[in-house]
Amino acid sequence: MNDAIAAATRRNQVKSERPSIFGKSLAARKMRFGLLFAAPAFIFFGLFYVYPLFRTFYVSLFSWSLLDEPRFIGVTNYVNLSNDKEFINSIGVSFYYAIGVCVAIWVIALALALMFNQTFRFRQAYLSVYYLPAVISLTVWSLVWLFMYNPSFGLFSEFARWLGFTNVRMLDNPQTAMPAMILLSIWKGTPVYMLIYLAGLRAIPGDYYEAAKVDGASALQRLWHITLPLLRPVFLYVVVISIIGAFQAFTPMYLLTNGGPGSATRVLSMFIFQNGFQFLKMGYASAASVIFLLILLVFSIVQFRILRFQQQD
Amino acid sequence: MKTRFYTLFALLIVGAMLLSACTMPAAAPTGGGAAPAASGQTIELLYMTHNHAQSIPVNEAIIAEFEAAHPNVKITFDNAPHSNFEQKVLTAFAGGTGPDVFWMGDWMIPQLVKNGIVAPVDPTAFGVQTQEEFADLFEPGSLDAFTVDGKIYTGGVSEYNTFSLIYDKDDFAEAGIEPLSKETPITWEELADIAAKLTKKDGDKVVRIGLEWPFQTPIWTVLIQEPMLRQLGGELINPETGMPDFTQEPMVKVMEYVQGLRNAGAIDPALDQNLLDDLANDRVSILIAGPWAAKPLNDINPDLNWDTAPLPQFANAVDRVTTLYAWAWFVSGKSSPEKQKAAWEFVNLLTSKQQEWWDKVGYVQARKADINGMTLPEYYAQADARLATIFADYPYGKFEFRSPQYFELSDIWTRAQDRVLQGEDVMTVLQEAQAQAEQAVSQ
């Protein structure tokens, strides 16, 4: 009880010591300067993130084709979306893609980072080669894979043929079209996350490993008891960013399959783009965007909670 | 500190909501950007086209000529990639930066007219007084698609297209198939047999496919399948109800036919790379394409021994029908009267360059002309005798269906085609397409 009172007293003291922003003290001036420097970022964030967010929600309550007068229709767009099989399908397709890409990236990027955290010959050269896909534009990358998947002369098809698979038609088959997208996205996305993991690994003090070695810990034990626990904040970042990125994927599907065959690769972002900018149903697309946002929000909150609990443990 | 932060955040949210409400989207504002020019001031026009490579220098030359003759007019030329060009123009209009003069496909007419995006033609800019006199300047029927409630909404057609067969004669000879008749169309059923025979394999690898069109592009689905549908007596939009009908018997037959093409190995969507490159490089033997294909084909592979044949018809067709579609020059209905006047005069110059459009771009024009004593069709025919077959297909052409939901319906059609090509049951696929189409139209 006494501890609680003491803590409250300390908080009040700190509060009373905090300078007012309008004061003339050095601290107040520093605070004003700080806010001044932060203002461009706040304004940018407000104009290009917060405002569009609310604008999207507002537009979702209207029927609007971009060209005519917007008509208020309340939650009709949301009701229609709940009955739209294509929309529900696109949510499923997005989850399929995101899980397929992210799980593989978490594991492969970590494995590569652990590898590149060791010292070996030509390490920098290999690192540059592995990083190469990340610097190529996604559009170019997608078009390269379009040729690679060509069943007649594509490199991927030739490789599959060499392995004994015949008539490999990755993009033409609803069962393989999405795995084809996942594969090219893993290849493209892994290097970036590998570098993030690598930065995390470099930040772990070497003393821990030396002490563990002295205590007789094996390499696996050092990985399990030192590396992975200390990488948790990095892992949290990678998980959140990769999932959000995967849900926003659009370019490969747009360029390689246009969402097909049928709707097999029509992810949510493509559904939104088509409804908004091809079918000119801005209200409908905005409603889908709001639901998309809520899905990502729920995902992010759950991820933060789970990983925070783990850290507290 | 937390309380202050939350207060600030709450204020930010309220502010953003108020801002959203205050700036609620309105109807498409005035296009053209610059303010209306007062007398004597410079009139600035924005001209927007898609970026077909050969057309850009021709457009630039005509702009220079017009500006030289009209020193008070400054034209900014903007061209954008072909894919989703329509959406880019419409988005520009929605943002208040719509062009004053622009290209657009005939299928966009319902949206353009309904929203006042396009202005009815000003015949005086073309040296005539009435709309009827203006129509007489063009090939009969070529402006039908641009006429709504008796008003013509274009200054002329920039590309006037039909579809016929273009094929590699050497592939035919290699497969022991006689060249196709240039006068009498073969049947779609015969085309399926011929295309299947032309498909060449190396083990399980297809090295050349018999027939090709861009399978993923919704507009192509319509351009290829709608004439088939009409030959069998169908229409996508039921003329009595105004509703799309994907489950009608002719549509079922068309889809079964397309599925049969795939089953016979006559087509293969996975091999479609680039229509003209594929024919020029012997990756395909037959294309369904328009007169615009001639020039690029000759450029890509001058040794290609190609020829033409009329668009096939079904054996039990009720009517001979071919494809017809056009891109045209439009003037913005949102521009000021001064700008519209200058814009129509500019379009008059653009449409009077028939020879350049054909010689340098390969675009068929619809405005009548006398070139060295020849009519335009005569001039085209003497340029390449093979094209006479394609020109003979024009009179049977019908423009695409009209609907404010054109893009959505063509997308539904393409997805249905995708599934049918995967071997799914045609009727099941079409019933689902119908449900989607009804939902699209009802929203």
Side-chain angles (χ1 to χ4, degrees), chain A residues 14-15 18 42 46 50-59 62-70 76-77 80 83-86 146-147 149-153 157-158 161 166-174 257-264 266 274-284, chain B residues 1 12-13 15-17 19-21 23-28 84 86-88 90-91 93-95 111-112 114-117 202-209 215-218 268-271 273 283 404-405 407-408 411-412 414-416 418-419 421-422 424 429 432 435-436 439-440 442-443:
Chain A
V14 169
K15 209 172 167 182
R18 190 176 294 138
F42 270 115
V50 179
Y51 168 68
L53 195 74
F54 288 98
R55 171 73 174 252
T56 303
F57 173 70
Y58 194 70
V59 171
F62 288 78
S63 170
W64 183 40
S65 77
L66 271 182
L67 303 168
D68 56 3
E69 282 291 344
T76 308
N77 283 326
N80 288 339
N83 297 319
D84 188 338
K85 281 185 184 171
E86 284 294 317
L146 178 65
F147 284 100
Y149 283 136
N150 186 292
S152 281
F153 56 80
S157 308
E158 287 296 336
R161 207 170 275 120
T166 55
N167 203 18
V168 177
R169 313 169 64 83
M170 293 298 283
L171 301 177
D172 188 32
N173 182 333
T257 59
N258 197 26
S263 299
R266 199 188 204 190
Q274 286 190 312
N275 275 280
F277 294 100
Q278 291 189 328
F279 309 154
L280 300 178
K281 292 157 68 175
M282 293 307 287
Y284 200 60
Chain B
M1 188 64 185
L12 197 65
I13 287 173
M17 290 189 90
L19 202 56
S20 297
T23 56
M24 184 52 214
N84 295 319
E86 298 95 322
Q87 285 78 24
K88 282 165 196 150
L90 294 181
T91 309
F93 271 111
Q111 288 99 315
L112 298 179
K114 183 185 161 205
N115 294 296
I117 301 288
D202 175 12
D204 74 316
K205 199 159 60 169
V206 176
V207 292
R208 186 183 68 207
I209 195 72
F215 298 94
Q216 282 182 12
T217 314
D268 189 340
L271 301 179
Q273 296 288 319
R283 293 194 292 266
Q405 284 83 28
F407 287 109
E408 206 163 357
D411 183 71
I412 290 168
T414 304
R415 290 182 192 283
D418 260 8
R419 293 176 59 190
L421 289 175
Q422 291 303 320
E424 288 192 46
V429 169
E432 288 183 23
Q436 287 171 19
Q439 190 177 20
S442 69
Q443 282 177 13

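Convention: sequence-line order gives letters A, B, ...; per-chain numbering from 1.
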Legend entry - Carboxylate-amine/guanidinium contact A:K85 B:E432, below 4.0 Å: no

Inset, instruction - Measure B:Q436 against the heavy atoms of chain A and call it side chain, backbone, both or neither at under 4.5 Å. - result: side chain

Legend entry - Contacting region of B:D202 [heavy-atom separation from chain A under 4.5 Å]: neither

Legend entry - Option that, when pairs with chain A are counted at under 4.5 Å, heavy atom only, ranks first among B:V207, B:T414, B:I209, B:D411: B:D411

Inset, instruction - Nearest 0.5 Å please: distance from the CG atom of A:D172 over to the CG atom of B:L271. - result: 8.0 Å

Inset, instruction - With a 4.5 Å cut-off on heavy-atom pairs, point out which of A:P52, A:S152, A:P151 contacts chain B the most. - result: A:S152

Legend entry - Side-chain heavy-atom pair B:N115, A:L66 within 4.5 angstrom cut-off: no

Inset, instruction - Answer with side chain, backbone, both or neither: which region of B:P404 has an atom nearer than 4.5 Å to a non-hydrogen atom of chain A? - result: neither

Legend entry - Option that, when pairs with chain B are counted at under 4.5 Å, heavy atom only, ranks first among A:T76, A:N77, A:N80: A:N80

Inset, instruction - Under 4.5 Å heavy-atom distance to chain B, tell me which part of A:S263 shows up: side chain, backbone, both or neither. - result: both

Legend entry - Rounded distance [0.5 Å steps], NZ in B:K205 versus CD in A:E158: 4.0 Å

Legend entry - Heavy-atom side-chain contact between B:E408 and A:N275 under 4.5 Å: yes

Legend entry - Partner chain B: residue of A:Q274, A:M170, A:R169, A:M282 with the largest heavy-atom pair count (under 4.5 Å): A:R169

Legend entry - Part of A:Y284 lying under 4.5 Å from any heavy atom of chain B: side chain

Legend entry - Best-contacting candidate, A:S65, A:P174, A:S63, against chain B by heavy atom pairs under 4.5 angstrom: A:P174

Legend entry - Atom CZ of A:F277: over 12 foreign heavy atoms under 6.0 Å: no

Legend entry - Per-residue contact mode, A:L53 against chain B (heavy atom under 4.5 angstrom): neither

Legend entry - Exercise: identify the closest heavy-atom pair between A:F279 and B:F407: CE2-O, 3.5 Å

Inset, instruction - For residues B:Q439 and A:E86, determine if any side-chain heavy atom of one lies less than 4.5 Å from a side-chain heavy atom of the other. - result: no

Inset, instruction - Return the minimal non-hydrogen interatomic distance between B:Q216 and A:N258, and the atom names on each side. - result: O-ND2, 3.3 Å

Inset, instruction - Please report the shortest heavy-atom distance between B:R283 and A:F153, naming the atom on each side. - result: CD-CE2, 4.3 Å

Inset, instruction - Could you tell me whether a side-chain N or O of B:D418 sits under 3.5 Å from a main-chain N or O of A:G260, the two making a donor and an acceptor? - result: no

Legend entry - Pairs of heavy atoms under 4.5 Å with chain A: top-ranked of B:L90, B:L421, B:V429, B:T91: B:L90

